[in-house]
2 protein chains.
Amino acid sequence: MTWHEELTKQGYRISGPRRRIMELLSDTRTPLTPALIHKHLALEGKPLSLASVYRALDLLAELNLLCQVYFSDGTLGYMAHTGGHHHHVLCRRCNRSMEFGGHEDLDELTERVQAETGYVINEHLLQFYGLCPSCAALRQELA
Amino acid sequence: MTWHEELTKQGYRISGPRRRIMELLSDTRTPLTPALIHKHLALEGKPLSLASVYRALDLLAELNLLCQVYFSDGTLGYMAHTGGHHHHVLCRRCNRSMEFGGHEDLDELTERVQAETGYVINEHLLQFYGLCPSCAALRQELA
DNA sequence: GTAATATTGAGAAACTTTCTCAATAAGGAA
DNA sequence: TTCCTTATTGAGAAAGTTTCTCAATATTAC
Ligand SMILES: [Mn+2]
Ligand SMILES: [Mn+2]
Ligand SMILES: [Zn+2]
Ligand SMILES: [Zn+2]
């Protein structure tokens, strides 16, 4: 199901701001913060109200059309959601981010932690940080 | 090594604000945000400048005397660091948080993701969310 | 095309974090 | 203990981020 269809199915309209944000994030390989999104769209010639950026991001993330990703400094960015349960690896240097399938890799650990702590666990946050291939190569050259 | 010793070893002073924040967080079982810490200390009678709260938290986290923990709504809180590599489980209802040993449970997954993505991974962010034992019990009663 | 109304824009307001610099206090030396 | 050096704090301004309000606009159904 496309994001158009998902929005429509849930009774929301396909508005300009929503479309522009989905398109921008689909074309970008790094997570973008609300401020960055606002800036990018302004550079395209037609600025978007910052309030609309926040509103659209909230809705699209709520509907699982976008993912929230934490930079290593803790700020929150957004990426297009390609589908399925997954997590992200981020490059500390250029912020380029890739997905990896989450599958049930944490199932075993989740069981252990539930047993150890007595908590009932129903969600997790997982991200990896490091260097992307090109930044790692660059670092090799300089060494 | 105690946090006193660690601060001293690194050439930092044992100041009132740093001591009060370490003591507060050591006595608290939920992560606290800067604003909450500021409020708690003010209620103790002697308010602390909010700027000092931020400065102390930054330093203490930098020295690994405190851990940063994300609430499920994305806001960042701090807890005393008890030592060793670990992660946290948070209760969505009461925010009570427990540690669990990180050991090398992610090593296998880390290897797989490095192979799949080509990234060189050197850090990870992991947290679990759910219900603590007492909140889960409460929920049972109401059902 | 028209009507109903969901959504946006603009700016105010609230909230969070950082910055500046004079005053204070911690730690080492005498 | 007292004095000296200077790291640290307090207070408030400033910068940055997120939310709110409401009239104007744009989308969708008919
Ligand atoms: Mn997963
Ligand atoms: Mn770990
Ligand atoms: Zn990179
Ligand atoms: Zn609880």
Side-chain angles (χ1 to χ4, degrees), chain A residues 2-24 31-63 65-66 68-78, chain B residues 1-25 31-63 65-66 68-78:
Chain A
T2 83
W3 62 266
H4 286 250
E5 293 167 339
E6 179 66 23
L7 274 179
T8 299
K9 194 186 71 170
Q10 303 292 340
Y12 296 102
R13 298 178 178 178
I14 313 291
S15 69
R18 288 169 188 163
R19 180 173 43 244
R20 295 182 64 203
I21 287 177
M22 284 305 292
E23 288 172 357
L24 171 61
L32 297 180
T33 63
L36 278 176
I37 291 169
H38 182 254
K39 181 176 298 186
H40 273 265
L41 295 179
L43 290 178
E44 287 181 358
K46 193 183 177 195
L48 210 60
S49 164
L50 193 47
S52 298
V53 174
Y54 279 98
R55 283 185 293 225
L57 290 175
D58 287 347
L59 176 68
L60 297 170
E62 177 69 29
L63 296 182
L65 300 171
L66 297 180
Q68 298 185 317
V69 180
Y70 292 93
F71 291 94
S72 55
D73 73 350
T75 57
L76 187 63
Y78 292 82
Chain B
M1 177 150 38
T2 85
W3 62 266
H4 286 249
E5 294 167 338
E6 179 65 23
L7 274 181
T8 300
K9 195 186 71 169
Q10 303 290 340
Y12 296 102
R13 296 180 178 176
I14 313 292
S15 70
R18 288 169 188 164
R19 179 173 44 244
R20 295 182 64 202
I21 288 177
M22 284 305 293
E23 288 171 357
L24 171 61
L25 290 179
L32 297 180
T33 62
L36 279 175
I37 291 169
H38 181 254
K39 180 176 300 182
H40 273 264
L41 295 179
L43 290 178
E44 286 181 0
K46 192 181 176 196
L48 209 61
S49 164
L50 192 49
S52 298
V53 174
Y54 279 98
R55 284 185 290 223
L57 290 175
D58 287 347
L59 176 68
L60 296 170
E62 177 69 28
L63 296 181
L65 299 172
L66 297 180
Q68 298 185 317
V69 180
Y70 292 93
F71 291 95
S72 55
D73 73 350
T75 57
L76 187 61
Y78 292 81

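Every chain is numbered from 1 and lettered A, B, ... according to where its sequence line falls, protein lines coming before strand lines.
The separation between B/His38 atom NE2 and D/dG10 atom P is 9 Å, rounded to whole Å. The CG atom of B/Leu7 sits 19 Å away from the P atom of C/dA25 (whole-angstrom rounding). Distance OH (A/Tyr54) to P (D/dT17): 7 Å, rounded to an integer number of Å. Summarising the geometry, the separation between CG on B/Asp58 and P on C/dC19 is reported as 10 Å, rounded to the nearest angstrom. As a whole-Å value, the separation of B/Arg55 CZ from C/dT18 P is 11 Å. Separating the CG atom of B/Leu48 from the P atom of D/dG12 is a distance of 15 Å, rounded to the nearest angstrom. As rounded to whole Å, 8 Å separates atom P of C/dT17 from atom CG of B/Leu76. The distance from atom CD1 of B/Ile14 to atom P of C/dT24 is 23 Å, rounded to the nearest whole Å.
Using a 4.5 Å cut-off on side-chain heavy atoms (C-beta onward), A/Tyr78 and A/Leu60 make no contact. At least one side-chain heavy atom of A/Met22 sits under 4.5 Å from a side-chain heavy atom of A/Leu66. At least one side-chain heavy atom of B/Pro31 sits under 4.5 Å from a side-chain heavy atom of B/Phe71.
Nearest nucleotide to the side chain of B/Leu50, out of D/dT8, C/dT17, D/dT9: C/dT17. The side chain of B/Arg13 lies closest to D/dT6, out of C/dG9, D/dT6, D/dT9. Side-chain proximity of A/Ser49 to the nucleotides C/dA10, D/dT9, D/dA11 is greatest for C/dA10.
Side chain of A/Glu23 to main chain of A/Arg20: no donor-acceptor pair is present (N/O by atom type, distance under 3.5 Å, no hydrogens or angles).
Between B/Arg18 and the phosphate of D/dT8, there is a side-chain N or O to OP1/OP2 separation shorter than 4.0 Å. Phosphate contact (OP1/OP2 of C/dT8, side-chain N/O of A/Ser15, threshold under 4.0 Å): present.
Both B/Pro34 and A/Lys46 lie near DNA chain C, and the one whose nearest nucleotide falls closer to the 5' end is A/Lys46.
Annotation: the span from A/Leu7 atom CG to A/Ile14 atom CD1 amounts to 4.5 Å, rounded to 0.5 Å.
Among the atoms of the strands shown, base atoms are found under 4.0 Å from some heavy atom of B/Ala51.
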